[in-house]
Amino acid sequence: MKRLGGFIAFLLLGVAHISIVLAEASAPPAWIEGWLKENKAAAQGAVKDYIEFYLPDGTRYAFALDSEGWGLYGFYWHDGEWNLCHSGRAMEDSMDVSLVRHSTSQIRPDGSAYPNDLGFDIVSAGSAARLSYHYDGNCFNICGWYDPARYAGEVMIKGTVLEYYDGTQTAPADAVDMGGWMSDWSGYSSAHPATPQEARELAAIFEENVRDLFPGYTMQYYASFNGGTLATASYYRLTDGLLNVKRVDFRQGGVIDSQADTMSVPLSGALLARMKTEPADSLIDTSGTGSIFLVENALDTHRLPVSGRVIQSDLQSGGLVLLVEDSAENRRVQVFSMKPDGSYFCGHSTFPLPRDAYLDLFHSTDGEISFSWDDQHCSAIYSRSSNGEWLLSWARFSSMSTSFEYSGTFCGVTMQGSWHQGNEEHLLLGSLPCSSLRNANLEALPQTEAALKNSLSRKNWAVVSNPNSKARLHLRTSPSKGAESLGKFYNGTPLRVLAQRGDWTQVAIGLDGLTGWMSTRFLAFGDEMDQVVPAFPQKIYLEELENRQPSYQAKDGKEEKALEGSFHIVGVVEDELYVLLTDLGGTGYVPQAWMWDGNG
């Protein structure tokens with residue numbers, strides 16, 4: 001993240017008194033146009049506007065707008081030459097901008113004047129929007145703005161406070177203390193809170209305002225991004241020797257977008273003792289971007305049957321993921337889960353991994369286990385499916401001359417983008433060896449298109465295939481036309497074949513228990529599945545629901561659950577419900593009023 005003033009936070013140390021001498025040259029000097037042209041920063045190196053400042057200690061600063069009006073570049077004079085110290089958008093919503101030097105006769109909304117001329121406005125001719133920078137004794141910093149399209153008045157920055165002036169008086173109509181956020185703020189003008197309400201919504205997710213949000217938990221990690229409109233934090237709690245971690249994503253207004261509560265893990269007596277006397281940051285990392293345990297012998301191995309020396313550790317909601325190494329230097333990944341009685345077991349363990357394999361913890365999220373090996377030329381990700389199984393979701397193999405990658409879902413693979421991106425015609429239904437993390441062998445994963453297709457088993461798979469593409473096929477509770485319908489399903493719906501009885505086939509949709517019977521004559525099997533064009537409606541959740549993706553377990557709407565992963569609408573229940581199926585094998589019934597066509 002950038003300082004307040006974003007791109008123009010230039011440190012000017014040791015300046016005791018400001019006495020401004022303006023540069024005499026009014027036209028942009030040739031060196032700026034030459035620099036822009038040489039660095040391809042502007043078309044033909046043209047400069048739209050230019051301003052230069054001298055300080056009494058000999059420091060010189062210059063700012064230039066490129067000919068298109070988008071780019072603002074800052075330079076300082078050092079050792080007999082100009083050096084770039086800033087580049088970025090001037091005012092990203094406007095191209096018709098110019099630079100206007102501040103004046104000591106310029107009256108501000110609070111009735112005061114600038115103390116000197118060391119500052120400038122970026123002004124839009126069309127909208128009259130204005131973004132103001134002034135030297136504050138250390139750097140050129142944002143000191144206020146005016147954006148009539150978003151707020152009728154003007155905003156001034158005083159310390160950590162945003163003051164909002166409505167133009168009727170020299171006292172602020174409202175003020176919001178933005179605290180430490182002011183020193184960690186994007187310079188993008190559209191990210192500035194236009195109104196006091198927007199400022200308060202941003203303040204709701206400041207570190208100090210979410211630090212104590214969960215009683216009994218201690219915040220260890222916090223970061224804001226996207227101009228402060230989003231934030232993420234992690235918290236931990238120690239109870240009876242067990243470590244629990246909570247990771248939360250926020251958006252402005254204090255809204256929790258997502259929350260992951262990890263499995264409880266037993267810590268060793270040695271680590272528990274150190275937690276009492278040493279900083280937690282030197283012992284554990286709960287952020288989820290690296291190993292959670294920063295020291296050896298962190299786990300209570302009497303309760304947690306770890307086999308081997310722990311090299312990397314990742315605590316997730318679905319279990320504890322460990323990269324371990326045995327005495328022969330063989331590496332494996334083990335995933336430990338908790339039983340209802342509180343005991344632990346290793347539910348997944350791989351075959352020995354390639355010698356240099358490691359977990360890419362920085363790029364993975366909760367519900368993912370990401371591998372990299374062969375000097376990062378090979379990568380694979382396993383994702384936790386709706387039934388708790390870890391299944392291959394992506395693999396890539398590259399060399400100096402070629403690169404081959406494919407995505408996996410619970411029902412097959414695709415070689416051109418993932419299933420949810422609308423590339424259904426590239427989805428090959430079937431079962432892939434090593435698709436489960438259980439006894440997975442990374443070196444046995446197919447590394448070419450031919451090997452991938454040859455490895456895929458089409459047995460026990462089918463899709464809905466109705467001659468009338470607009471028709472939908474019932475899923476019945478028993479093999480009879482008179483049996484209750486669990487929904488009507490569109491062409492292309494992937495099905496796991498469980499059994500066949502006469503003219504009926506028992507199928508499962510997804511992995512979480514939606515099973516029933518379908519008429520066999522409306523199904524396609526084997527290579528015929530590839531000829532079926534999916535007829536899924538293209539709809540998305542309403543904006544206020546898209547992060548949670550709520551659904552009902554059954555069509556009676558009694559038990560609610562959230563859907564993880566990307567989805568397709570594969571079926572309907574009359575004109576009331578959609579049936580959704582995710583790439584992780586989750587299913588859910590969703591009221592049709594919760595979905596819309598989107599903006600195209």
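The basis for the numbers below is simple: all heavy atoms, side chains too, and nothing from hydrogens, waters or symmetry mates.
- Ring-plane geometry between Tyr552 and Trp594 is classed as tilted, the angle between the planes lying from 30 to 60 degrees on a 0 to 90 degree scale.
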Requested in this report: Show your reasoning for whether salt bridge (Lys or Arg N to Asp or Glu O under 4.0 Å) applies to Glu198 and Arg150.
Outcome: CA-CA 11 Å; Glu198 286 185 17; Arg150 301 171 67 200; 3.4 Å; yes

Requested in this report: Any chance you could lay out the side chain to side chain contact (heavy atoms under 4.5 Å, CB included) test for Tyr222 and Thr232, step after step, and finish with the verdict?
Outcome: CA-CA 6 Å; Tyr222 174 90; Thr232 184; over 6 Å; no

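- Here the side chains of Met275 and Leu238 are in contact, with some heavy-atom distance below 4.5 Å.
- Side chain to side chain, Gln538 and Asp597 fail the donor-acceptor criterion of an N or O pair below 3.5 Å.
- Contact annotation: the side chain of Val321 approaches that of Gln316 to within less than 4.5 Å [non-hydrogen atoms, C-beta and beyond].
- A distance of 6.0 Å separates CG in Leu427 from OG1 in Thr414, rounded to the nearest 0.5 Å.
- The minimum heavy-atom distance between Gly74 and Leu84, with the atom names listed, is O-CD1, 3.4 Å.
- Closest non-hydrogen pair, Ile540 versus Gly598, comes out as CD1-CA, 3.9 Å.
- Smallest separation of non-hydrogen atoms from Ser349 and Arg332: OG-CD, 4.0 Å.
- Between the side chains of Glu207 and Asn209, no donor-acceptor pair is found at a separation under 3.5 Å.
- With no hydrogens or angles considered, no side-chain donor-acceptor pair links Glu559 and Gln553 at under 3.5 Å.
- A cation-pi arrangement is not found for Lys555 relative to Tyr589, the charged atom failing to lie both closer than 6.0 Å to the ring centre and inside a 45° cone about the ring normal.
- Gln549 places a side-chain N or O within 3.5 Å of a backbone atom of Gly565 that can act as its donor or acceptor partner.
- Around the CZ atom of Phe351, the shell of radius 6.0 Å holds no more than 12 heavy atoms that belong to other residues, nucleotides or ligands.
- Across all their heavy atoms, Ile284 and Gln220 have their closest contact at O-NE2, 2.8 Å.
- In summary, the side chains of Gln312 and Ser291 do not present any donor paired with an acceptor at a separation below 3.5 Å, with no hydrogens or angles considered.
- In this structure, the separation between CD on Gln447 and CG on Asp374 is 8.0 Å, given to the nearest 0.5 Å.
- Proximity of a side-chain donor or acceptor of Gln592 to a complementary backbone N or O of Leu577 within less than 3.5 Å is detected.
- Note that CZ of Arg251 and CD1 of Ile256 are 11.0 Å apart. Values are rounded to the nearest 0.5 Å.
- Between atom CG of residue Leu322 and atom CD1 of residue Ile311 there is a gap of 10.5 Å, rounded to the nearest 0.5 Å.
- If you check the side chains of Asp360 and Ser372, you find no donor sitting under 3.5 Å from an acceptor.
- With Val570 as the fixed residue, the side-chain contact (heavy atoms from CB on, under 4.5 Å) test singles out one of Leu580, Leu581, Leu514: Leu581.
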Requested in this report: Report the C-alpha separation of Asp249 and Gln259 in whole Å, then their side-chain angles, then the decisive distance to 0.1 Å, and conclude whether the side chain to side chain contact (heavy atoms under 4.5 Å, CB included) test is met.
Outcome: CA-CA 6 Å; Asp249 292 329; Gln259 177 177 318; over 6 Å; no

**Report entry** From CA spacing to verdict: side-chain hydrogen bond (donor to acceptor under 3.5 Å, both in side chains), Glu325, Asn330
**Finding:** CA-CA 5 Å; Glu325 188 175 79; Asn330 291 314; over 6 Å; no

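- The CG atom of Leu304 sits 6.0 Å away from atom CG of Leu320, with the distance rounded to the nearest 0.5 Å.
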Query raised in the report: Taking it one step at a time, do Thr350 and Asn439 satisfy side chain to side chain contact (heavy atoms under 4.5 Å, CB included)?
Result: CA-CA 4 Å; Thr350 66; Asn439 296 322; over 6 Å; no

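- Taking NZ from Lys158 and CG from Asp177, the interatomic distance works out to 13.5 Å, rounded to the nearest 0.5 Å.
- Side chains of Ser258 and Phe250 form no contact here, defined as non-hydrogen atoms less than 4.5 Å apart.
- In this structure, Tyr164 has its ring center under 6.0 Å from that of Tyr151.
- Taking 4.0 Å as the cut-off between side-chain N and carboxylate O, Asp356 and Arg331 do not count as a salt-bridged pair.
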**Report entry** Derivation and outcome, side chain to side chain contact (heavy atoms under 4.5 Å, CB included), residues Arg438 and Val335
**Finding:** CA-CA 9 Å; Arg438 201 184 307 272; Val335 183; over 6 Å; no

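- Side-chain atoms of Asp261 and Ser317 include no donor-acceptor pair closer than 3.5 Å.
- Looking at Asp147 and Val155, their side chains never come closer than 4.5 Å, going by heavy atoms from C-beta outward.
- The backbone N or O of Ser327 lies less than 3.5 Å from no partner atom in the side chain of Arg309, so there is not a single donor-acceptor pair.
- In this structure, the side chain of Asp341 engages the main chain of Ser343 through a donor-acceptor pair within 3.5 Å.
- For the residue pair Ser398 and Ser403, no side-chain donor N or O sits within less than 3.5 Å of a side-chain acceptor on the partner.
- Residues in residues 561-571 take part in these salt bridge (Lys or Arg N to Asp or Glu O under 4.0 Å) pairs, two or more places apart or across chains: Asp512-Lys561.
- Looking at heavy atoms from C-beta onward, Met263 lies in side-chain contact with Tyr344 at the 4.5 angstrom threshold.
- Below 30°, between 30° and 60°, or above 60°: for Tyr406 and Phe404 the angle between ring planes is between 30° and 60°, a tilted geometry.
- Thr218 is not listed as a side-chain neighbour of Tyr235, based on a closest heavy-atom distance of 4.5 Å or more.
- Looking at Leu243 and Phe293, their side chains come closer than 4.5 Å, going by heavy atoms from C-beta outward.
- The six-membered or imidazole ring of Tyr133 lies away from that of Trp145, with a centre-to-centre distance of 6.0 Å or more.
- Minimum heavy-atom separation, Ser370 to Ser364: CB-CB, 3.8 Å.
- Side-chain contact between Leu299 and Ser268 is absent, with no heavy atoms from C-beta onward closer than 4.5 Å.
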Report task. Would you check, one step at a time, whether the test salt bridge (Lys or Arg N to Asp or Glu O under 4.0 Å) holds for Arg384 with Glu389? Result -> CA-CA 6 Å; Arg384 190 176 70 250; Glu389 189 79 7; over 6 Å; no

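- With respect to Arg200 and Asp174, a salt bridge is recorded, a charged nitrogen being found less than 4.0 Å from a carboxylate O.
- A donor-acceptor contact under 3.5 angstrom links the side chains of Ser393 and Ser383, judged on distance only.
- Counting non-hydrogen atoms of other residues, nucleotides and ligands closer than 6.0 Å to CD of Glu544 gives a total above 12.
- For Tyr541 and Phe567, the gap between ring centers is short of 6.0 Å.
- Between Arg548 and Glu560, at least one side-chain nitrogen of the basic residue sits less than 4.0 Å from a carboxylate oxygen of the acidic one, meeting the salt-bridge criterion.
- With a 6.0 Å radius and a threshold of 12 heavy atoms from other residues, nucleotides or ligands, Asp240 has its CG atom at or below the threshold.
- Nearest approach of Ser386 to Leu511, heavy atoms of both residues: OG-CB, 3.5 Å.
- For the pairing with Pro193, the side-chain contact (heavy atoms from CB on, under 4.5 Å) check across Leu202, Thr229, Val176 returns one residue only, Leu202.
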